[in-house]
Amino acid sequence: MEQWKNQAADNLSVSSSDNNDPEDLPVKERCFEQREALPGEPRCVVCGRYGEYICDQTDDDICSVECKTILLARIAAKTKPAVKAAKRVNLPLGDESICIKDTNFPNIPTLADSRIAALRSKLDICVNGEAVPDPIMCFSSCGLPEKLVHNLEAAGYCMPTPVQMQVIPASMSKRSLLVSADTGSGKTASFLIPIIAHCSQVRLQECTSKRGPLAIVLAPTRELCLQVEDQAKVLGKGLPFKTALVVGGDPLAQQIYRIENGIELIVGTPGRLIDLLMKHNVDLTDVSVFVLDEVDCLLQRGFRDQAMQIFLSLSHPQVMMFSATLHSEVEKMSNSLAKAVIRISCGNQSRPNKSVKQVVIWVESKKKKQKIFEIMKSKQHFKPPAVVFVSSRVGADLLSEAITVATGLEVVSIHGEKTMNERRESLRKFLTGEVSVVVSTGVLGRGMDLLKVRQVILFDIPNSIDEYIHQVGRASRMGEEGMAIVFVNEGDRRIFKELVPVLKTAGAPVPRELANSRYTAGVSLGSERKRKLGSRSRP
Ligand SMILES: Nc1ncnc2c1ncn2[C@@H]1O[C@H](COP(=O)(O)OP(=O)(O)OP(=O)(O)O)[C@@H](O)[C@H]1O
């Protein structure tokens with residue numbers, strides 16, 4: 001590594017806009033530290049950024065130590081025969097550019113256990129379970145099909161997120177998993193990547209023309225299923241990997257036709273999938289992967305029986321369960337679905353994403369509309385595109401109309417009473433920027449990747465702190481900063497006890513009325529005070 005750094009420094013080509021002595025500049029460790037290439041400048045062969053250095057082993061233009069590692073790993077995967085076991089090497093702790101591999105993927109050197117533990121701790125990854133596979137640090141190091149690695153790069157996924165680093169190898173070792181990680185941290189790809197790798201491997205190996213589904217992903221809303229299926233198509237492009245979307249509101253006949261014509265993955269809501277399975281004979285014998293996205297929601301009353309019914313029609317699948325909010329009850333249930341489940345958690349379990357600033361405003365119900373109009377008329381406070389969450393379907397329609405009348409903004413609403421086509425059209429308008437505000441019930445609250453959204457307004461605070469965490473999470477993806485404006489008043493007292501500690505942990509101001517409410521008093525404020533005094537009295 002050092003040797004390469006020195007050579008890279010020798011080969012530094014200084015851009016016209018930068019007159020610093022190249023010897024003074026440290027070699028870029030990570031790809032994201034590198035700037036974009038200007039027209040005519042060399043580009044990194046891995047990520048396309050400014051190819052500031054020349055790789056000593058290949059003579060390729062490269063932007064950073066990280067991309068060099070990826071490049072060499074790729075070349076090693078193509079040229080070197082696999083060896084039986086990876087040799088352990090002692091690498092400097094903190095060198096994040098090293099690909100870490102376990103013996104499943106022997107081309108890359110592995111780190112000693114103590115260093116893997118240190119790395120997990122640095123990345124905020126906790127694991128629990130027997131023989132948990134080591135994390136990976138680049139997509140090309142874990143035996144994924146080349147085409148899939150190419151699709152990941154084309155989608156702008158230069159390197160795995162922490163949850164992907166741990167989940168992908170664990171999933172590829174066919175273990176069942178229960179995973180919690182912050183909203184917007186990349187959980188979807190963490191299960192889609194191994195599914196796509198598995199499906200294309202099975203199809204390439206088998207000789208029959210039979211193409212029954214190999215994997216099922218369940219999610220609680222139609223919109224989320226649509227989004228997951230879209231992402232699966234993007235990542236699985238060019239591979240023997242087809243998908244079927246099975247959600248209510250779309251004609252059942254089309255969904256059956258698609259499945260009968262051969263697919264690998266079904267993405268669906270539990271109710272519609274049960275409906276389809278009852279009415280038609282779909283062969284599920286080859287389904288070996290079963291994913292419950294937003295598992296805490298899917299194992300709640302309403303969905304649980306349907307999800308279990310689908311699970312029971314499969315024969316011992318690998319079960320992967322994901323959510324940003326998990327509790328002991330779900331953990332217990334997850335153990336009844338599969339044996340030797342690996343528990344993985346990344347970041348802040350059951351807390352809002354740290355990147356979202358929570359601004360709680362005490363506002364009486366009668367004044368809420370006036371307040372939201374004020375916010376939306378203010379250039380300083382309104383940062384469109386924005387999602388407004390309300391508690392009722394009628395409320396969503398009424399508020400969207402009222403906002404248009406009061407502010408002149410184009411607004412759409414989304415809720416469960418609209419037809420699937422109306423819901424699709426509203427979402428399309430919002431995502432393409434045709435309208436800047438969407439008013440939604442909880443339908444958009446979980447899992448939705450509303451990429452450009454940096455502001456959400458909780459006009460009605462949801463009934464549970466978990467839904468609060470998911471709704472607030474719509475304001476940030478991949479660590480981008482966002483803001484959640486939250487209206488509360490005495491009518492929301494059912495959530496006060498849980499809300500106050502959440503706000504305090506995040507360092508968000510607690511409105512006086514909320515702090516002084518008798519529904520809050522003595523709970524978290526008291527224990528917080530005790531904790532501070534305790535720590536002060538320690539030597
Ligand atoms: N490795 C990666 N590199 C760059 N972008 C990524 C990577 N993985 C995922 N993303 C992008 O990050 C965004 C958030 O990912 P995703 O929707 O999977 O988050 P999530 O953890 O499922 O969130 P939520 O709990 O809200 O459902 C998406 O836009 C996705 O395309």
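Both ligands and their constituent atoms are indexed starting at 1 by order of listing. Basis for what follows: all heavy atoms, side chains included, without hydrogens, waters or symmetry-related copies.
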> Considering only protein heavy atoms, which is closest to atom 21 (O) of ligand 1, and at what distance to one decimal place?
Replying inline: K187 NZ, 2.8 Å

> What part of Q164, side chain, backbone, both or neither, has a heavy atom within less than 4.0 angstrom of ligand 1?
Replying inline: side chain

> Considering only the protein, which heavy-atom contact is closest to atom 4 (C) of ligand 1, and what is its distance?
Replying inline: Y157 CD1, 3.6 Å

> Starting from atom 17 (O) of ligand 1, which protein heavy atom do you reach first, and at what distance in Å?
Replying inline: R477 NH1, 3.1 Å

> Between S464 and D466, is a side-chain hydrogen bond (donor to acceptor under 3.5 Å, both in side chains) present by the stated rule, with each step listed?
Replying inline: CA-CA 5 Å; S464 79; D466 287 346; 5.2 Å; no

> Of the protein's non-hydrogen atoms, which lies at the shortest distance from atom 23 (O) of ligand 1, and what is that distance?
Replying inline: G184 N, 2.7 Å

>> If I take atom CD from residue Q227 and atom CG from residue L450, how far apart are they, to the nearest 0.5 angstrom?
In response: 7.0 Å

> So which protein heavy atom does atom 18 (O) of ligand 1 come closest to, and at what separation?
Replying inline: T188 OG1, 2.8 Å

> So which bit of D182 gets within less than 4.0 Å of ligand 1, heavy atoms only: side chain, backbone, both or neither?
Replying inline: backbone

>> Less than 4.0 Å is my threshold; does some heavy atom of R446 fall inside it relative to ligand 1?
In response: no

>> Can you report which non-hydrogen protein atom sits closest to atom 19 (O) of ligand 1, along with the distance?
In response: G186 N, 3.2 Å

>> Quick test: of every protein heavy atom, which one is nearest to atom 27 (O) of ligand 1, and how far off is it to 0.1 Å?
In response: G447 CA, 3.0 Å

> With a 4.0 Å cut-off on heavy atoms, does H470 reach ligand 1?
Replying inline: no

> At the 4.0 Å heavy-atom cut-off, does A181 count as touching ligand 1?
Replying inline: no

> Of L177, V167, V179, which is the lone residue that meets side chain to side chain contact (heavy atoms under 4.5 Å, CB included) with S190?
Replying inline: V167

>> Counting non-hydrogen protein atoms only, what is the nearest one to atom 29 (O) of ligand 1? Give residue, atom name and distance.
In response: D449 OD2, 2.5 Å

> Under a 4.0 Å heavy-atom limit, does F191 contact ligand 1 with its side chain, its backbone, both, or neither?
Replying inline: neither

> Which is it for K174 and S288 under the side-chain hydrogen bond (donor to acceptor under 3.5 Å, both in side chains) test, yes or no, and what are the steps along the way?
Replying inline: CA-CA 9 Å; K174 308 290 177 215; S288 58; over 6 Å; no

> Contact between F139 and ligand 1, counting heavy atoms under 4.0 Å?
Replying inline: yes

> Which atoms of ligand 1 have any heavy atom of G156 under 4.0 Å away?
Replying inline: 4 (C)

>> Under a 4.0 Å threshold between the charged nitrogen and the carboxylate oxygen, would R424 count as salt-bridged to D250?
In response: yes

>> For E294, which part has a heavy atom under 4.0 Å from ligand 1: side chain, backbone, both, or neither?
In response: side chain

> If you count the atoms of ligand 1 from 1 in the order shown, which ones are under 4.0 Å from a heavy atom of S185?
Replying inline: 19 (O), 20 (P), 21 (O)

> For atom 12 (O) of ligand 1, which candidate among Q227, M478, E480 provides the closest heavy atom?
Replying inline: M478

